[in-house]
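Only one structure is covered here, and it is reproduced in the block below.
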Amino acid sequence: MTLMDVLVGFSRTGRLGPLNCGMTLAEAEHLLGPGRPHPAHIMKGPDVDGYPYSWGGLGLVVTQRAVSGIWINLWPGSTAKLPPLILPDSESFDATVLREELIAALDNAGCQHAVNTTLTFGQQASLITQPADVCAVFSLPGRDNHVPHRDRHYLNVIHKHTT
């Protein structure tokens, strides 16, 4: 399994392997192991809503102790980590994904997508998949991103939220 397989599967289904919005944090931690909570959880206690728990590049937003958002954070030009449950047999992976590569993979998989006008502005572009409502956000590389094409958009984050 490759990172692109994970991204396309998530884009098509809104699920990341067995992880899905609506499951309890306890269920997610049973599958992934204990997450690293955002400092607000530590300061204010476990009932604070909207702050992520993280496992490397995977983030789960928790509301009322249930998963309300799933995020994969990428840093173009570097390596990142995802839990083995999500990307088996990979300690770390190249976190550089061009917008054109993801769009081609979605098209090849028959995954419908459209421009997300809410998050497309300036040097940022975004798409939303159908029917899973997974959002991918791309941007031009920053000066600290070591990428081969400085004039092309790279994937920064792909996420899903419940409403």
Does [X] use its side chain to pair, donor to acceptor, with the backbone of [Y] at less than 3.5 Å?
| X | Y | answer |
| --- | --- | --- |
| Lys81 | Phe93 | no |
| Tyr154 | His149 | yes |
| Asp94 | Thr96 | yes |
| Ser126 | Ala136 | yes |
| Glu29 | Gly35 | yes |
| Ser92 | Ala80 | no |
| Ser90 | Leu87 | no |

Nearest 0.5 Å, please: how far is [atom2] in [Y] from [atom1] in [X]?
| X | Y | atom1 | atom2 | value |
| --- | --- | --- | --- | --- |
| Asn116 | Gln124 | CG | CD | 9.0 Å |
| Leu74 | Leu155 | CG | CG | 5.0 Å |
| Leu127 | Leu119 | CG | CG | 10.5 Å |
| Asp107 | Glu100 | CG | CD | 12.0 Å |

Check your understanding: Any idea how Trp71 and His161 line up, ring-wise: parallel (<30°), tilted (30 to 60°), or perpendicular (>60°)?
Key ->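 Because their plane-to-plane angle is over 60°, the rings of Trp71 and His161 count as perpendicular.
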
